[in-house]
Amino acid sequence: MASFLEIADDEKGYDLDHFCVPRHYENDLEKVIIPHGLIMDRTERLARDIIQDMGGHHIVALCVLKGGYKFFADLLDYIKALNQNSDKSVPLTVDFIRVKSYCNDKSTNSVKVIGGDELSSLSGKNVLIVEDIVETGRTMQTLLSLLSECNPKMVKVVSLLVKRTPRSSGYRPDYIGFEVPDSFLVGYALDYNEYFRDLSHICILNDQAKEKYKV
Ligand code: IMP
Ligand code: MG
């Protein structure tokens, strides 16, 4: 099973006052639960683990938009650094797909794929799917079954976060950054109705903000 860094249910997190948080979000957040620096340090190690396993073959990194874009960019930077500084290196190409399954703070039953290149171009390739967070697992399971129709050579999934929740289908990614409590998280490209992507740290949203930004 993939190793991960566990953020406990009773994790106190960090007071907002100790970090730089945009003024416009100051009253919307309960606490910082994963500071940006820790995200980066964990991502660096994930890059090493992935290259150790998948290295040797050309990798197509598939970014699941929009929530995955920060993690995708930072993970690829670390993979690039490994490629630049070791004897072994792997060619890396990128692709993007957009999915939407959330409204307010609830996962909906429909997982919509609303963009991206032709998935058929992934045929015969080693694909690394890069996702921000797995909650029920439905998004990833839908994406994996779509992808399998295109006959890639290998598919691995890396998710920065996995939520501990009774709503989980049991699906687990191949690589996991952090396992997190069952709260609604925002920041580092994770959004609530499109807000909070412009926040560096991963934070817990407060109930007031759920009302304020509700659609
Ligand atoms: P799943 O299909 O239930 O596994 O949900 C996965 C998708 O829901 C993720 O890719 C996110 O876009 C979104 N999501 C799930 N939990 C959160 C959260 O706590 N904050 C922000 N987005 C979330
Ligand atoms: Mg996502």
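The figures that follow rest on heavy atoms only: side chains count, while hydrogens, waters and symmetry mates do not. These numbers were taken from a predicted model, which means no experiment stands behind them.
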Looking at [X] versus [Y], is the centre-to-centre ring distance below 6.0 Å?
X: Phe19; Y: Tyr14; result: yes
X: Phe96; Y: Phe72; result: yes
X: Phe4; Y: Phe178; result: no

Would you say [X]'s side chain and [Y]'s backbone share a donor-acceptor pair under 3.5 angstrom?
X: Lys125; Y: Ser121; answer: yes
X: Asn151; Y: Ser123; answer: no
X: Arg164; Y: Glu6; answer: no
X: Thr136; Y: Ser168; answer: no
X: Asn206; Y: Asn27; answer: yes
X: Lys163; Y: Pro181; answer: no
X: Arg167; Y: Gly137; answer: no
X: Asp15; Y: His18; answer: no
X: Asn193; Y: Tyr213; answer: yes
X: His36; Y: Ser200; answer: no

Would you name the heavy atoms of [X] and [Y] that are closest together and state the gap between them?
X: Tyr171; Y: Gln141; result: CB-NE2, 3.7 Å
X: Lys156; Y: Asp174; result: CA-OD2, 3.3 Å
X: Ser3; Y: Arg42; result: O-NH2, 3.4 Å
X: Leu29; Y: Cys203; result: CD2-CB, 3.8 Å
X: Lys210; Y: Leu205; result: CG-CD2, 3.8 Å
X: Leu161; Y: Ile202; result: CD1-CD1, 3.9 Å

To the nearest 0.5 Å, how far apart are [atom1] in [X] and [atom2] in [Y]?
X: Met54; Y: Asn126; atom1: CE; atom2: CG; result: 5.0 Å
X: Ile7; Y: Leu5; atom1: CD1; atom2: CG; result: 6.0 Å
X: Leu144; Y: Glu149; atom1: CG; atom2: CD; result: 11.5 Å
X: Ile34; Y: Met40; atom1: CD1; atom2: CE; result: 13.5 Å
X: Asp74; Y: Glu44; atom1: CG; atom2: CD; result: 11.0 Å
X: Ile39; Y: Leu46; atom1: CD1; atom2: CG; result: 12.0 Å

Checking Val32 against Ile204 for the side chain to side chain contact (heavy atoms under 4.5 Å, CB included) test, could you report, in this order, the C-alpha distance in whole Å, the side-chain angles of both residues, the deciding distance, and whether it holds? CA-CA 7 Å; Val32 173; Ile204 296 188; over 6 Å; no

Is the shortest side-chain heavy-atom distance between [X] and [Y] below 4.5 Å?
X: Pro22; Y: Leu199; value: yes
X: Tyr175; Y: Asp53; value: yes
X: Ile79; Y: Ile51; value: yes
X: Val64; Y: Val99; value: yes
X: Leu160; Y: Thr43; value: yes
X: Val180; Y: Leu185; value: yes
X: Glu179; Y: Arg172; value: yes

Derivation and outcome, side chain to side chain contact (heavy atoms under 4.5 Å, CB included), residues Met140 and Ile129: CA-CA 9 Å; Met140 203 39 71; Ile129 302 178; 3.8 Å; yes

Hey, are Asp41 and Arg45 close enough for a salt bridge, meaning a charged N less than 4.0 Å from a carboxylate O? no

For Leu122 and Leu62, run side chain to side chain contact (heavy atoms under 4.5 Å, CB included): C-alpha distance rounded to whole Å, both residues' side-chain angles, the deciding distance at 0.1 Å, then the answer. CA-CA 10 Å; Leu122 302 174; Leu62 180 64; 4.2 Å; yes

Ignoring hydrogens and angles, state whether a donor on the side chain of Asp28 or Tyr195 is under 3.5 Å from an acceptor on the partner side chain. no

Tyr69 and Asp132: side chain donor to acceptor below 3.5 Å: no

Test Arg197 against Tyr188 for side chain to side chain contact (heavy atoms under 4.5 Å, CB included), laying out the working first. CA-CA 6 Å; Arg197 296 196 199 274; Tyr188 194 68; over 6 Å; no

Walk me through whether Glu11 and Lys31 qualify under salt bridge (charged side-chain N to carboxylate O under 4.0 Å, His left out). CA-CA 10 Å; Glu11 167 68 47; Lys31 59 189 177 191; over 6 Å; no

